[in-house]
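Note sheet for the following structure.
Residues take their numbers from the sequence shown, with the count starting at 1. Order of listing sets the numbers, starting from 1, for every ligand and every atom in it. In what follows, every heavy atom counts, from backbone to side chain, and hydrogens, waters and symmetry copies are set aside.
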Amino acid sequence: MPDRYEPSAFEAKWRERWKEADLFLTREEPGRKKFYGLDFFPYPSGAGLSVGHCRNYIPTDVLCRMRYMQGFNVLHPMGFDAFGLPAENEAIKRKSHPRKMIEEYGATYRRQMELIGITYDWSRSFSSSDESFYKWTQWIFELLYKRGLAYRKDATVNWDPVEQTVLADEEVVGGLGWRSGVPVEKKLIPQWFFKITAYADRLLADLDEIDWPEGIKAQQRNWIGKSVGVEFRIKVAGALGGDSGGGDTDFQVASKEREPLSFRVFTTRVDTVYGMTFCVLAPEHPILDKLLAFADPQTEQDVRDYCQGAKTLSDTDRQATTREKTGVFTGAYAINPANAELVPIWVADYVLSTYGTGAIMAVPGHDTRDYEFARKFGLPVKEVIAPTSEPQGEAALPYEAKDGVMVNSGDYTGLTVREGQLALGKWFEGLGIGERKTQYRLRDWLISRQRYWGCPIPIIHNSEGEEELVPEDCLPVELPEVEKYEPSGDGSSPLAAIPDFVNVTDHEGHLARRETDTMGGFACSSWYFLRFCDPFNFEKAWDKSRSDYWMPVDTYVGGAEHAVMHLLYSRFWTKVLFDAGLVSVKEPFAELRNQGQVLAQTPYRHPREGEKLPVGEEGIQITFEEAKTLPKDQVFMRWARMSKSKGNVVTPDEAVAEYGADALRLYELFVAPFPQDVQWQNEGMQGQVRFLSRVFRLVEDLKGIRNPFWKASIRDVPPAGKSAEIRRATHTAIEKCTSDIEKFAFNTYVSALMIYSNTLHDLTRSPAESDAEKLALNEALESLILLLSPGAPHSADELWETIGGQGFTYQAEWPRFDPSLVVADKVTIAVQVNGKLRDTVEVSAGAGEDEVKLAALSSAKVAANVEGKTIRKVIVVPGKLVNVVAN
Ligand code: ANZ
């Protein structure tokens, strides 16, 4: 055996042996507890893995390895999220077919994951583009459809002009497509939706039941955006035409003609209604046409121009707090139902047509957006809520806080905000002009894509123009193998151009047309974790006994960027499947952990004249090659996310070749706390090489005392002196490593191993003399190797073999912690005089009450504090405190 860490001498050998032994096949033995550890479903990109990706996979692997050694049946699978735009776009670029490409890329991922020793059970692997998988994605689509949770409607959608497809709201970031980075356009096309809004309340409430990072929960709460308020009707002064909104019958329209024209507003602050000084309509509001009938031609033109302009902006841009408010007066007035005052009606794009009723009562005294608007256009600002019952004057406005008292509010003056909300809500309900209402920001999930590389939607449109589900026994609707699959550019899917695919017969044998949209990739990743529970099932998507056994995923690990898409959709599907009786869990992922990003040094250059800097950047990012060609003073280095596009990637292949897989693994764990970003430096792995070499030397030095039967005898030898010290170090390390791995504190897990090996090194400078010491060292030797095993499994198996261990460390039992062995020799006791802390004293851990009293009374500080007084009583709280009562 080498006396230092020489990865090239043994790492590949161990990986071979693990493979030959099928070591990582999922165990489903009865009588054991289960553990399901899962990493986010990756899209296998052509660039392969970087050490950045490994920061996701290695920690999960460490946890799964420990769980297995602790005796759990462990499910630790991996597959590929193969459908979707990234694969399709890359295939178009490479003039290849996505299926072929995905196979190649998946193979590279697998090779790299094996290279770093991850324990995936590859027998369970699949790609979401496998027919045996997407058949069931379609089956779940049908389930949603039958339950009224999948529907098609014309919708104004986000059109990505580069990707040539529709994007979900969640895929539009700051008005830009999340992959293309170009502004999205609005387009009206028929689209498929999943009705996630029907589950808004449960998606919100059940967040309390899961152990997820608070930040992610907050983002989901925000995204769902529950608001409780009042929706009420506001009349337009001097105009007839009824309540706007549309969808009425002819009769309703006719009778409305004689009623005053009105519109509805949604507010969470009905208590501020006396402070309404104007109203604002979204530029898309349907009432505008009617209002403009009363307007002079100039006003009408101004309003129409303004509304036209608003179309080019995304909702996010419209609501950006940094943007100056814009708007136009419509010439019309509304009547405040609380005090009958007339207030002007404006149109402004900060009011969205997609939220609430698309119209607001504006209260500039208590809403910052309205305040900015009022200031810009010279509209009055009125104080109606004050911190106390005393009005504070205009200088204190806008006052947005909800703790306050109503002022200047007619009969309601003096009520608190809460009381006012209740009272006014009731009043409006009584008048029949409004009702209390809950609004959600969440929108239904747009699922269809006009692209080739996705799961076909199992619907046909029959000759009557109705939708029919493809019968279950005809699933899957196979994605046809085609030569040309580039987007058509006219908004329809390339599948629409394939007559063999499109032309079908309906259930009556009439000619019908197949749906040609495909599902976005988020459909596949909303249930893949269930398929892993029963991947070989050809009869069903999964057998309930298998999902009952493995679900929920105990620990789910991936990047924080998926807070609102994948992580919300999966929760929604799981709830639907629960309602259908197909799974027994309401939540798919019991515990979620997000790793920090890996950053690498990346060259940037200063912007040239007239060049604009990308948002949030200090310079223009360039390649390392480009950096070499530029003068030194134009180039600077910054930490940026490691990614292929930045050209700053370190691959696991390079790291393993230079430092070894175990050094890479330990460095990934050690470099920073798991959730934190990492500044990657290859040299950091050298430290781990040195640490592992120290462990190899230590084992080499100690292996002479090896006694395979130590476990049988150690219980008979009470620890004392040095053997007690060794055992204390061992059990401290066992406790620390176990709880650190459980807590995702992998960096301190590695440092605990370092401390432990150093302590052992110090304790074994002189050879072991007593039997007790030798037994303690036997325990230490095995424990060190086994505790090391999840982090550095190749080295652990090599060392294990050296000391004559049986089988692989993965199959060995995780060291058991004995708390009685870590009790420290000495404890520190606080000493109080009359309840005030005066000193601390050290006593031996087993000291009796008299010994503790004596130590306390011997303290000079105590003596000084009782001088001239009589000691009445000495109270001892064992192991903690002594209180001397004196007067
Ligand atoms: C009057 C008011 C007074 C408001 C006040 C707030 C404070 P959340 O909590 O996000 O649901 N609002 C309603 N519909 C809107 C729309 N379509 N576009 C833009 N803003 C809209 O926000 C609810 C509040 O946002 C509502 O309550 C309304 O302004 C505004 F002191 O009404 B509030």
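The protein non-hydrogen atom at the shortest distance from atom 19 (C) of ligand 1 is Tyr350 O, 3.4 Å. Among protein heavy atoms, atom 27 (O) of ligand 1 sits closest to Thr268 N, 3.1 Å. Looking only at protein heavy atoms, the nearest one to atom 14 (N) of ligand 1 is Ile360 CG2, 3.6 Å. Nearest protein neighbour of atom 31 (F) of ligand 1, counting heavy atoms only, is His366 O, 2.9 Å. At the shortest separation from atom 26 (C) of ligand 1 among protein heavy atoms lies Phe266 O, 3.6 Å.
Remark: the Asn336 side chain and the Tyr274 side chain contain no N/O donor-acceptor pair separated by less than 3.5 Å.
Checked for salt-bridge contact, Glu435 and Arg264 meet the test: a charged N lies under 4.0 Å from a carboxylate O. Salt bridge Glu467/Arg152: absent, no basic N to carboxylate O contact under 4.0 Å. Under the 4.0 Å criterion applied to side-chain N and carboxylate O atoms, Arg641 and Asp677 are not assigned as salt-bridge partners. Here Lys325 does not pair with Asp370 in a salt bridge; the nearest charged N to carboxylate O distance is not below 4.0 Å. Ion pairing between Lys382 and Glu394 fails under the 4.0 Å rule for side-chain N and carboxylate O.
Here the closest non-hydrogen pair linking Glu400 and Thr368 is OE2-N, 2.8 Å.
The option from Thr438, Val265, Leu352 that lies nearest to atom 18 (N) of ligand 1, judged by heavy atoms, is Leu352. By heavy-atom distance, the residue among Gln439, Lys402, Arg369, Met361 lying nearest atom 25 (O) of ligand 1 is Arg369.
Contacts of Met276 with ligand 1, taken as heavy-atom pairs under 4.0 Å, are absent altogether. Contacts between Gln319 and ligand 1 below 4.0 angstrom, taking non-hydrogen atoms only, involve the side chain exclusively. In Val351, the parts holding a heavy atom less than 4.0 Å from any atom of ligand 1 are both the side chain and the backbone.
Asp579 pairs in a salt bridge (charged side-chain N to carboxylate O under 4.0 Å, His left out) with only one of the listed residues (Arg202, Lys586, Lys146), which is Arg202.
Below 4.0 Å from some heavy atom of Thr267 lie the following atoms of ligand 1, by number and element: 1 (C), 2 (C), 4 (C), 26 (C), 27 (O), 32 (O), 33 (B). The distance from ligand 1 to the heavy atoms of Val363 drops below 4.0 Å at these ligand atoms: 1 (C), 3 (C).
Residue contact check for ligand 1: Ser227 places a non-hydrogen atom closer than 4.0 Å to it. Residue-ligand proximity: Arg441 is placed with a non-hydrogen atom under 4.0 Å from ligand 1.
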